[in-house]
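These notes concern the structure reproduced below.
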Amino acid sequence: MASHSDTLVVFFGATAGANGGKLGSDEREIILLVWQIVDLHEKKVGKLQRRLVKPDTLELTDQSKEETGLSVDDLYKAEPLDKVLQQFQQSVSVELKALGRSSYTLCVDGPLIIRQALHPEASKKNLVLPECFYSFVDVRKEFHTCCPNAGQVQDLTLPSMLEYVCIPELPLSEQVMGLKEVRSMVLLSLHILAEPYNHRFSCFEAVKYKLESGACSKTEPVDSETVIRARGLPWQSSDQDIARFFKGLNIAKGGVALCLNAQGRRNGEALVRFINQEHRDLALERHKHHMGSRYIEVSIRTSNEVAQFLSKENQVIIRMRGLPFTASPQDVLTFLGADSPVTDASDGLLFVKYPDGRPTGDAFVLFSCEEYALNALKKHKQILGKRYIELFRSTAAEVQQVLNRYMSTPLIATLPSSSMVPMPVLATSPYLTTGSTRDCVRLRGLPYTAAIEDILEFMGEHTIDIKPHGVHMVLNQQGRPSGDAFIQMRSADRAFMVAQKCHKKMMKDRYVEVFQCSTEEMSFVLMGGTLNRSGLSPPPCKLPCLAPPAYAAFPSPAMLSEAALYQPPLLATPRTPQPPHSPHPTHTLAYYPPQHHPAQFYMNMNMNYTAYYPSPPVSPSTMSYFASPPGSVALAAQQPHAQGHIASPMMPQHGALVRMQGLPYNAGVKDILSFFQGYQLQPDAILLLYNFSGQRSGEALITFPSEESARRAVAERANHPLSGLPVRLLVCCD
């Protein structure tokens with residue numbers, strides 16, 4: 001049998017819509033296939049084959065008509081895709097037999113015809129593609145390997161490659177779309193096989209047959225540049241349905257995470273991780289492609305560009321509002337003019353967008369000095385396009401608040417240690433430092449029209465002690481001033497002095513209260529909490545999320561108040577936390593995210609609630625992770641002690657966890673102990689799971705002394721009845 005490198009089938013296709021670099025981006029069907037066999041060993045070529053394909057929808061765009069030279073009448077008598085693919089197989093098999101070959105590899109000009117057109121269309125039409133379409137070589141990558149000085153792969157085109165190796169243009173008789181491309185690829189392939197290149201085709205690309213399910217390894221790095229967010233999914237869609245939507249692109253093992261809402265139900269969103277950035281970029285081209293009758297939004301938004309934008313020091317930030325949705329960075333730079341140059345040109349612009357990539361009309365701009373910023377502010381309400389543009393002074397805190405309001409996920413930080421699963425964890429803010437030092441002041445009761453200039457005037461002589469970018473206006477959920485502001489001072493002493501001298505000082509026609517506070521309190525309020533005389537109050541309806549056991553590498557807080565385990569409606573009066581010297585031991589809790597202040601376990605009230613419950617890197621139908629609803633409330637077995645106190649909710653940390661499913665809703669701790677009679681379990685080893693309504697969810701976690709005893713219990717007791725119902729048992733460490 002000949003090796004794959006001995007025989008190529010040069011392959012080309014066109015669709016009824018966009019072609020070239022946008023092939024497959026508009027979901028239009030294939031209307032043309034052209035191919036030709038090349039015997040690389042004998043340097044022979046077969047017959048050039050061209051087939052028209054009849055699409056289900058007989059409609060061509062003007063661009064397609066012009067590029068292909070085809071009309072609807074030409075396609076009317078053509079065969080459908082499945083018939084043409086059969087003809088392809090038969091034709092290639094006959095020619096291979098005549099050449100004495102038995103195997104071959106497809107050769108294409110870029111992966112789009114295979115990955116973005118053929119596989120997605122075949123998947124939608126339930127066609128089974130021949131095995132040959134799951135492996136191919138890209139002539140551009142082969143040429144780059146052979147001639148690395150010709151340019152980057154993404155910049156190479158057939159004309160540029162032919163010109164580089166001095167192959168003349170084809171005669172006009174072969175300038176028909178399809179014939180021209182295939183003939184050019186054949187000439188190019190034969191040329192680089194000969195002296196002085198002596199190239200051997202070896203860069204084989206594969207298309208995965210199906211999604212590989214399973215959890216990510218703890219040591220496996222996760223590149224944020226390979227992840228996209230899909231929105232608008234049907235509620236019943238599974239990870240396999242999502243993989244089918246992205247058919248032709250290779251998703252990483254366990255790379256589909258279905259997002260859940262506060263009630264533990266799927267919210268129509270998913271995170272998908274691909275094997276590399278190239279496949280991620282191709283996935284973004286499927287934005288608003290259809291799954292059934294619904295179009296799916298495919299987007300990406302990371303905190304990298306925000307971090308880069310805010311990392312520039314000693315910059316003045318201006319906010320622009322009302323930009324035309326079609327405005328480009330160059331349009332904004334031209335509008336601002338030469339007298340207000342933007343720091344680092346377009347890199348000093350940050351456009352605010354919706355999660356699907358649509359512009360909101362807002363942008364933030366960096367200026368290196370006050371003079372440039374003032375020149376920009378003079379253009380307030382001047383016209384760009386057909387719209388007048390509003391310009392305001394802004395701060396780093398406002399940048400974060402505005403972005404958080406529009407983004408479907410919060411600005412997040414990533415765990416740096418490679419020994420842990422590099423999944424995103426919630427942070428108060430990646431750009432605001434936190435700490436207990438009381439070097440900040442809070443201004444309350446500001447006029448709603450107050451601007452930063454008014455605050456600086458109010459501060460008077462103390463303005464010199466404000467840290468750079470240290471004035472933070474607090475916005476409400478509508479993005480308007482709330483009447484509060486925080487100011488970061490150079491030291492706690494300076495903050496104390498300001499609070500003493502400026503408290504109840506007048507600003508315009510209102511007196512303003514000034515209180516000393518810590519950076520931690522400031523950050524918490526800016527991210528959605530409230531600060532009153534009773535201390536920090538978390539945003540409503542926010543609960544901590546239990547971490548899947550796969551994330552056990554995350555550090556857990558030393559102690560968390562019982563009140564933090566309950567949803568406010570379920571606990572009218574928060575219980576007093578157990579003191580450290582209590583005779584009853586306090587167990588640590590494996591909570592997500594791993595932060596130490598109880599208040600930081602709550603989420604930003606201004607953001608999408610559902611985004612704060614990260615689902616594990618597999619679908620909820622997969623059994624290799626702890627799949628309790630992210631919004632569920634975990635209540636430990638409550639057993640009275642000798643003194644009559646109630647044991648605090650706890651999560652035993654040692655041993656192996658077994659998850660029970662299908663419990664009767666009236667089953668209690670005693671029932672579970674009886675079910676596992678003989679396994680020497682204690683009541684505090686049983687953790688019942690409750691839903692948001694305060695009712696038992698029919699699931700429980702059991703901590704066994706060892707993994708061996710846990711596996712033995714699963715083997716012996718799985719599917720045994722409890723109160724007449726079979727119970728499912730799973731070892732969570734699987």
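From a predicted model like this one, the values you see are computed outputs, not experimental measurements.
The closest side-chain heavy-atom distance from N267 to L233 is not below 4.5 Å. Residues V365 and M320 form a side-chain contact, since some pair of their non-hydrogen atoms from C-beta on lies under 4.5 Å apart. The side-chain heavy atoms of V10 and V108, taken from C-beta on, include no pair separated by under 4.5 Å. Side-chain contact between H191 and I167: present, with at least one pair of heavy atoms (C-beta onward) separated by less than 4.5 Å. Counting heavy atoms from C-beta outward, E285 and Q116 have side chains that approach closer than 4.5 Å. Inter-residue side-chain proximity for F245 and P120 is flagged as unmet; no heavy-atom pair is nearer than 4.5 Å. Using a 4.5 Å cut-off on side-chain heavy atoms (C-beta onward), E121 and L81 make contact. At least one side-chain heavy atom of L60 sits less than 4.5 Å from a side-chain heavy atom of V72.
Between the CD1 atom in I228 and the CD atom in E297 there is a gap of 11.5 Å [rounded to 0.5 Å]. Distance check: D56 CG to K125 NZ gives 4.0 Å after rounding to the nearest 0.5 Å. From K22, atom NZ reaches atom CD of Q63 across 11.0 Å, with rounding to the nearest 0.5 Å. Of the inter-residue distances, the one linking H279 atom NE2 with K208 atom NZ reads 9.5 Å to the nearest 0.5 angstrom. Between atom CZ of residue F351 and atom CG of residue L323 there is a gap of 6.5 Å, rounded to the nearest 0.5 Å. With rounding to the nearest 0.5 angstrom, the CG atom of L384 is 5.0 Å from the CD1 atom of I389.
R51 contributes no side-chain N or O that, together with a main-chain N or O of V84, makes up a donor-acceptor pair within less than 3.5 Å. Within the 3.5 Å criterion, the main-chain N or O of V94 finds no donor-acceptor partner in the side chain of K97. R28 places a side-chain N or O within 3.5 Å of a backbone atom of E59 that can act as its donor or acceptor partner. Side-chain atoms of N19 come within 3.5 Å of backbone N or O of T15 as a donor-acceptor pair. Distance alone, capped at 3.5 Å, is enough to place a donor-acceptor pair between the D138 side chain and the G110 backbone. Not a single donor-acceptor pair under 3.5 Å links the side chain of S184 to the backbone N or O of L158.
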**OP:** Using the side chain to side chain donor-acceptor pair (under 3.5 Å) rule, take S238 and D241 through it: C-alpha gap first, then chi angles, then the decisive distance, then the call.
**Re:** CA-CA 5 Å; S238 67; D241 295 322; 3.3 Å; yes

**OP:** Tell me, with the steps shown, if E278 and K141 meet salt bridge (charged side-chain N to carboxylate O under 4.0 Å, His left out).
**Re:** CA-CA 13 Å; E278 177 188 359; K141 294 182 179 179; 3.2 Å; yes

**OP:** Test V45 against L190 for side-chain contact (heavy atoms from CB on, under 4.5 Å), laying out the working first.
**Re:** CA-CA 10 Å; V45 297; L190 293 174; 4.0 Å; yes

**OP:** Could you check D74 against S71 for side chain to side chain donor-acceptor pair (under 3.5 Å), going step by step and ending with a plain yes or no?
**Re:** CA-CA 5 Å; D74 296 327; S71 65; 3.1 Å; yes

Original post:
Taking it one step at a time, do Y134 and Y209 satisfy ring-ring contact (aromatic ring centres under 6.0 Å, His included)?
Top reply: CA-CA 8 Å; Y134 288 85; Y209 287 90; 4.2 Å; yes

Original post:
Under the side-chain contact (heavy atoms from CB on, under 4.5 Å) criterion, do T7 and T105 qualify, and how do the steps go?
Top reply: CA-CA 7 Å; T7 311; T105 299; over 6 Å; no

**OP:** Please step through side chain to side chain donor-acceptor pair (under 3.5 Å) for the pair S64 and T61, ending with a clear verdict.
**Re:** CA-CA 5 Å; S64 179; T61 64; 4.6 Å; no

**OP:** Give the intermediate values and the outcome of salt bridge (charged side-chain N to carboxylate O under 4.0 Å, His left out) for residues E225 and R280.
**Re:** CA-CA 8 Å; E225 298 300 318; R280 191 283 308 270; 3.8 Å; yes

**OP:** Carefully, step by step, assess I251 and R273 under the rule side-chain contact (heavy atoms from CB on, under 4.5 Å).
**Re:** CA-CA 6 Å; I251 298 175; R273 181 165 68 96; 5.8 Å; no

Original post:
What do the steps show when you test F88 against W35 for ring-ring contact (aromatic ring centres under 6.0 Å, His included), and what is the final call?
Top reply: CA-CA 8 Å; F88 167 82; W35 66 89; 5.0 Å; yes

**OP:** Please report the C-alpha distance between L99 and I37 in whole Å, then the side-chain angles of each, then the deciding distance to 0.1 Å, and finally whether the side-chain contact (heavy atoms from CB on, under 4.5 Å) criterion is met.
**Re:** CA-CA 10 Å; L99 293 171; I37 288 182; 3.8 Å; yes

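Each of K288, K124, R286 was compared with E27 under the salt bridge (Lys or Arg N to Asp or Glu O under 4.0 Å) criterion, and only K124 meets it. Tested against P55, the residues T57, L58, V53 include a single side-chain contact (heavy atoms from CB on, under 4.5 Å) partner, L58. A side-chain contact (heavy atoms from CB on, under 4.5 Å) with I242 holds for exactly one of I296, L271, L211, L258; it is L258.
Atom CD of E169 sits in a sparse spot, with 12 or fewer heavy atoms from other residues, nucleotides or ligands closer than 6.0 Å. Around the NZ atom of K83, the shell of radius 6.0 Å holds no more than 12 heavy atoms that belong to other residues, nucleotides or ligands. Counting non-hydrogen atoms of neighbouring residues, nucleotides and ligands closer than 6.0 angstrom, the CD atom of E66 reaches no more than 12 such neighbours. Heavy atoms of other residues, nucleotides or ligands lying less than 6.0 angstrom from OH of Y197 number more than 12. Within a 6.0 Å sphere centred on CD of Q154, other residues, nucleotides and ligands contribute more than 12 heavy atoms.
Of all the heavy atoms in R183 and L170, the pair that sits closest is CB-CD1, 3.8 Å. Contact record, S103 with L96: O-CD2, 4.2 Å, taken as the closest heavy-atom pair. The shortest non-hydrogen separation linking D26 to A18 is OD2-N, 2.8 Å. Summarising the geometry of L333 relative to S346, their closest heavy-atom pair is CD1-N, 4.0 Å, with the distance given to 0.1 Å. What you find for M291 and S237 is that their closest heavy atoms are SD-CB, 4.2 Å. Across every non-hydrogen atom of C107 and L8, the tightest pair is CB-CD1, 4.1 Å.
Contact check on E269 versus R229 returns a salt bridge, with a Lys/Arg side-chain nitrogen under 4.0 Å from an Asp/Glu carboxylate oxygen. Between D39 and R101 a salt bridge is recorded (basic side-chain N to carboxylate O distance below 4.0 Å). With respect to E142 and R200, no salt bridge is recorded, no charged nitrogen being found less than 4.0 Å from a carboxylate O. Salt-bridge formation is not detected for the pair K54/E29: no Lys NZ or Arg NE/NH1/NH2 atom is positioned less than 4.0 Å from an Asp or Glu carboxylate oxygen.
There is a side-chain donor-acceptor pair under 3.5 Å between S328 and D331. Checked by atom type, the side-chain pair R244/S123 shows a donor-acceptor distance below 3.5 Å.
Annotation: cation-pi pair R387/F325 present, NZ/CZ under 6.0 Å from the ring centroid and within 45° of its normal.
Between F133 and F11, the ring center distance clears the sub-6.0 Å criterion.
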